[in-house]
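First up is the structure itself, then whatever we jot down about it.
Any value given below was found using the heavy atoms of this structure, including those in side chains, with hydrogens, waters and symmetry copies removed. Note that this is a predicted model, so its numbers are computed, not measured.
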Number of protein chains: 2
Amino acid sequence: MSSQHAHSHDHDHGGESWDAHATVALARKGTRRSSARDTVVAALAGQECCASAQEIHSRLRSDGSTIGIASVYRTLELLHGMGLVTRIDTGDGVARFEPTHPDGAHHHHLVCTTCGAVEAFQDDALEEAIHRVADRVDFRVDAHDVALRGACRACR
Amino acid sequence: MSSQHAHSHDHDHGGESWDAHATVALARKGTRRSSARDTVVAALAGQECCASAQEIHSRLRSDGSTIGIASVYRTLELLHGMGLVTRIDTGDGVARFEPTHPDGAHHHHLVCTTCGAVEAFQDDALEEAIHRVADRVDFRVDAHDVALRGACRACR
DNA sequence: CGCGGTAATGATAACCATTATCAAGTAAAC
DNA sequence: GTTTACTTGATAATGGTTATCATTACCGCG
Ligand SMILES: [Mn+2]
Ligand SMILES: [Mn+2]
Ligand SMILES: [Zn+2]
Ligand SMILES: [Zn+2]
């Protein structure tokens, strides 16, 4: 008897929803429909920032799903390989994942080295600087990561 | 030979080698002298870019050292905690380490997602952009990481 | 529909970088 | 030289991630 909250965190990022985008991309790729994958896609769609595979798994299980941890990892790997998911390494040995928005909108992370908290930030000048570096180097740059490490407000 | 600077920041060791800088810092911290640590410090001093703990260990063993892998990890952790070593996470589940130069000079990395190659690059405009972000956010920023991912010249 | 081929699943074993443990070794204080 | 406790190297343990495998179930085809 689990009363479900009517309160839903829909993180509508303006244009096309990531959920629909990902579903179409998976269909186009020719994968079969499965409840395990649908569940992980739904979980990702509801995230504002990054979450680890185990966090996603725990959340799904406590919501009544019987999905296995292996399916969570498999789906994340699949989506990551398709460019639908961004993988973030905060340096604690745990990979975190968040949806890659089709319009290119994204953010980077502030990591507290004391308590492990992760916050997001966005900065156009930084993006521009990265873009210029990418054009200059002898390397085809597909993606980039930025992490600022230090102490959060609470730990400072 | 121990010229002591009473009121100086950590950045005014211009021209001094990282090897000497690290040795002085360790002595000041009060650690005992040990061959295992000296060997790791020497190995770090001799590398231009990052290397994993296991790479450092293998290199030392093939050079005749009998150092154990645990001592390599221990020394890297000690130096990292003292701010003498920078830890880099390229996303393959292996931490890499490189000396932190006392004058603040540093670089960031291009990571080939095909062959795993790591190259270094340096960009002042990018550093400036990061500096501005660090001043703007409600977070004390001590360090930062940038990784550009894609395909190296050979894999392109 | 009802097969049947096979992608997908979940439990679990294996993997592997890193960390903890501990008896033995050793630098430095006394 | 003796003492103290820091350090070491081997090895066990840890924990996130990946591989394995028997079972399930999606879906094209007749
Ligand atoms: Mn960016
Ligand atoms: Mn920098
Ligand atoms: Zn914190
Ligand atoms: Zn390459």
Practice item. State whether a side-chain donor-acceptor pair under 3.5 Å links A:S34 with A:R37. Key: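 A:S34 vs A:R37: no donor-acceptor pair found between side chains.
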Exercise for review: State, without any angle test, whether A:S65 and A:T39 hold a side-chain donor-acceptor pair at a distance under 3.5 Å.
Suggested key: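 The answer is no; no qualifying pair exists.
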Review point. Which atom pair, heavy atoms only, marks the closest approach of B:H109 to B:C50?
Key: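 Result for this residue pair: NE2-SG, 3.9 Å.
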Salt bridge or not for [X] and [Y], using N-O below 4.0 Å?
X	Y	result
B:R136	A:D123	yes
B:D63	B:R61	no
B:R96	B:E55	yes

**Study point:** Positions of residues 22-42 of chain A (non-hydrogen atom under 4.0 Å from DNA chain C), listed by number
**Key:**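 Hits under 4.0 Å, by residue number: A:T31, A:R32, A:S34, A:A36, A:R37.
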Point to revise | Neighbours of DNA chain C within residues 55-88 of chain B, by heavy-atom distance under 4.0 Å | key: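 Of all residues in residues 55-88 of chain B, the ones placing a heavy atom under 4.0 Å from DNA chain C are B:A70, B:Y73, B:R74.
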Side-chain donor/acceptor pairs under 3.5 Å, residues 140-156 of chain B, sequence neighbours excluded:
| from | atom 1 | to | atom 2 | distance (Å) |
| --- | --- | --- | --- | --- |
| B:R140 | NE | B:D142 | OD1 | 3.0 |
| B:R140 | NH2 | B:D142 | OD2 | 3.1 |
| B:H144 | NE2 | B:H106 | NE2 | 3.2 |
| B:H144 | NE2 | B:H108 | NE2 | 3.2 |
| B:H144 | NE2 | B:E127 | OE1 | 3.1 |
| B:D145 | OD2 | A:R149 | NE | 2.9 |
| B:D145 | OD2 | A:R149 | NH2 | 3.1 |
| B:R149 | NE | A:D145 | OD2 | 2.9 |
| B:R149 | NH1 | B:T90 | O | 2.8 |
| B:R149 | NH2 | A:D145 | OD2 | 3.1 |
| B:R153 | NE | A:D138 | OD2 | 2.6 |
| B:R156 | NH2 | A:D138 | OD1 | 2.9 |

